[in-house]
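Read through the structure below, which is laid out as C-alpha cells, and then see the notes.
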Amino acid sequence: MSSTDENGAYEETSMNGTNLSQIDRNRNRFPCCIVWTPIPCITWLLPCIGHMGICTSTGVIRDFGGPYFVSEDCMTFGNPTKFWRLDPALISSNSRWDTAVHEASEVYKHRMHILCWDNCHSHVAYALNLMEYKRSHRWNMINLWFLMLIHGRFTSVGGFIKTWGPFIVIVLIITGVVVLLKSL
C-alpha cells in the first residue's frame with residue numbers, strides 16, 4: 001500500500017505491515033531504496049545505462065563514484081531520476097540495513113572503479129549480499145540493472161525528461177538529417 005502527498009512525499013507499508021520511512025523527492029531522501037541517475041554522454045546514447053546508488057534507512061544516498069571514493073548524500077552524476085523501493089523486512093534477521101550499506105561503502109572506499117566490472121552497480125549488489133536481501137547472496141550488477149529497468153520509478157516528470165530527453169533529441173536530429181539527405 002502506498003500514498004503520495006502534495007509535497008512529493010511518498011510512503012509505503014512493508015510486507016510485514018510496518019510503515020517504511022517516507023520518500024521525500026524534494027530533499028532527495030529515498031529510504032531503503034536503490035536510486036539511479038543518468039551518466040552524461042553514455043545515457044544520452046543508451047538510456048538504460050546509468051549510475052546507481054543505495055540509500056540508508058533514513059534516505060541518505062551512498063554511491064561508488066570513482067576509484068577509492070564513495071559519496072554520501074550527493075550522487076556523483078546528479079540527483080536521482082529513478083528509484084526502486086526495497087522492503088527492509090526482507091533482509092536477514094542477522095543483519096541490519098544501515099550496517100550493510102555502511103560496510104559495503106567502507107569496502108568500496110578501497111577499490112578501484114572499473115567501468116564494466118567493479119562499479120556502482122557492484123557496490124549496491126555488495127550491500128544487498130551483505131544484508132542477504134530476499135535470502136540471496138547472488139546479487140550482481142547485471143540482475144540489478146535488469147531489475148531497476150523493471151521496478152524503477154521516475155522521481156518526477158523532470159526525472160523522465162533528464163533520462164530520455166537527450167536520447168530523443170539525438171534520435172530526432174539523426175532522423176531529420178537522414179530524411180533531409182534522402183530528399184536531396
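This one's a predicted model, so the numbers in the text were calculated from it and none came from an experiment. Numbering of residues begins at 1 and proceeds along the displayed sequence.
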Item to check | Nearest-0.5 Å distance that lies between atom CH2 in Trp97 and atom CG in Leu128 | outcome: 6.0 Å
Item to check | Backbone of Trp117 reached by a side-chain donor or acceptor of Ser122 within 3.5 Å | outcome: yes
Item to check | Same apolar cluster: Phe146 and Ile42, side chain cutoff 4.5 Å | outcome: yes
Checklist entry - Are Leu149 and Phe77 grouped together when hydrophobic residues (ILVMFWY) are joined by side-chain heavy atoms under 4.5 angstrom apart? => result yes
Item to check | Value rounded to 0.5 Å, distance of OG1 in Thr56 from CZ in Phe30 | outcome: 12.5 Å
Checklist entry - Apart from Tyr126 itself, what residues make up its hydrophobic cluster, given side-chain heavy atom links below 4.5 Å? => result Phe64, Val70, Val107, Tyr108, Leu130
Checklist outcome for this item: Taking every heavy atom of Cys32 against every heavy atom of Pro88, the minimum-distance pair comes out as SG-CG, 3.8 Å
Checklist entry - Does one hydrophobic cluster hold both Leu46 and Ile150, with members joined at side-chain heavy-atom distances below 4.5 Å? => result yes
Checklist outcome for this item: Applying side-chain contact (heavy atoms from CB on, under 4.5 Å) to Val171 and not counting sequence neighbours gives Phe167, Thr175
Checklist entry - Under 3.5 Å, side chain of Tyr133 to main-chain N/O of Asp87, donor-acceptor pair present? => result yes
Next on the checklist: Nearest 0.5 Å, please: how far is NE2 in His137 from CD in Glu132?
Outcome noted: 3.5 Å
Next on the checklist: Quick one: does any side-chain atom of Asp118 pair with a main-chain N or O of Ile114 as donor and acceptor, under 3.5 Å?
Outcome noted: no
Return all side-chain donor-acceptor pairs below 3.5 angstrom for residues 176-184, not counting sequence neighbours, or 'none' if the list is empty.
residue: Ser183; atom: OG; partner: Val179; partner atom: O; Å: 3.4
residue: Ser183; atom: OG; partner: Leu180; partner atom: O; Å: 2.8

Checklist entry - Sequence neighbours excluded, which residues qualify as side-chain contact (heavy atoms from CB on, under 4.5 Å) partners of Met75? => result Val35, Thr37, His51, Ile61, Asp63, Pro80
Next on the checklist: So, taking the atom named CE in Met131 and the one named CG in Asp98, what distance separates them when rounded to the nearest 0.5 Å?
Outcome noted: 8.5 Å
Next on the checklist: For Leu147, give me all partners under side-chain contact (heavy atoms from CB on, under 4.5 Å), at least two apart in sequence or on another chain.
Outcome noted: Trp84, Trp139, His151
Next on the checklist: Once salt bridge (Lys or Arg N to Asp or Glu O under 4.0 Å) is applied, do any residues pair with Lys109, and if so which ones, sequence neighbours excluded?
Outcome noted: Glu106
Checklist entry - Roughly how far apart are Met52 CE and His123 NE2, rounded to 0.5 Å? => result 12.0 Å
Item to check | Nearest atoms (heavy-atom pairs only) where Lys162 meets Pro38 | outcome: O-CG, 3.8 Å
Checklist entry - Going by heavy atoms in the side chains, are Phe154 and Trp164 under 4.5 Å from each other? => result yes
Next on the checklist: Restricting to side-chain hydrogen bond (donor to acceptor under 3.5 Å, both in side chains), what partner residues turn up for Thr43, sequence neighbours left out?
Outcome noted: none
Checklist outcome for this item: For Ser156, the side-chain hydrogen bond (donor to acceptor under 3.5 Å, both in side chains) test, sequence neighbours excluded, returns none
Item to check | Which residues share a salt bridge (Lys or Arg N to Asp or Glu O under 4.0 Å) with Glu103, sequence neighbours left out | outcome: none
Item to check | Backbone of Pro31 reached by a side-chain donor or acceptor of Arg85 within 3.5 Å | outcome: yes
Checklist entry - Looking at side-chain heavy atoms only, is the closest gap between Trp44 and Val169 below 4.5 Å? => result no
Item to check | Joint hydrophobic cluster, Met141 plus Ile49, side-chain heavy atoms closer than 4.5 Å | outcome: no
Next on the checklist: Among residues at least two apart in sequence or on other chains, which ones pass side-chain contact (heavy atoms from CB on, under 4.5 Å) with Val157?
Outcome noted: Ile161
Checklist entry - Do His113 and Phe69 come within less than 4.5 Å of each other through their side chains, counting heavy atoms only? => result no
Checklist entry - About how many Å separate CG of Asn140 and CH2 of Trp145, when rounded to the nearest 0.5 Å? => result 12.0 Å
Checklist outcome for this item: Thr163 and Gly159 have their tightest heavy-atom pair at OG1-O, 2.9 Å
Next on the checklist: On a heavy-atom basis, which atom in His110 and which in Tyr68 lie closest, and how many Å separate them?
Outcome noted: C-CD2, 3.6 Å
Checklist entry - Tell me, which pairs form a salt bridge (Lys or Arg N to Asp or Glu O under 4.0 Å) where one or both residues lie in residues 27-36, sequence neighbours left out? => result Asp24-Arg27, Arg29-Asp73
Checklist entry - Sequence neighbours excluded, which residues qualify as side-chain hydrogen bond (donor to acceptor under 3.5 Å, both in side chains) partners of Thr155? => result none
Item to check | Note, Cys55 side chain near Val60 side chain (heavy atom, < 4.5 Å) | outcome: no
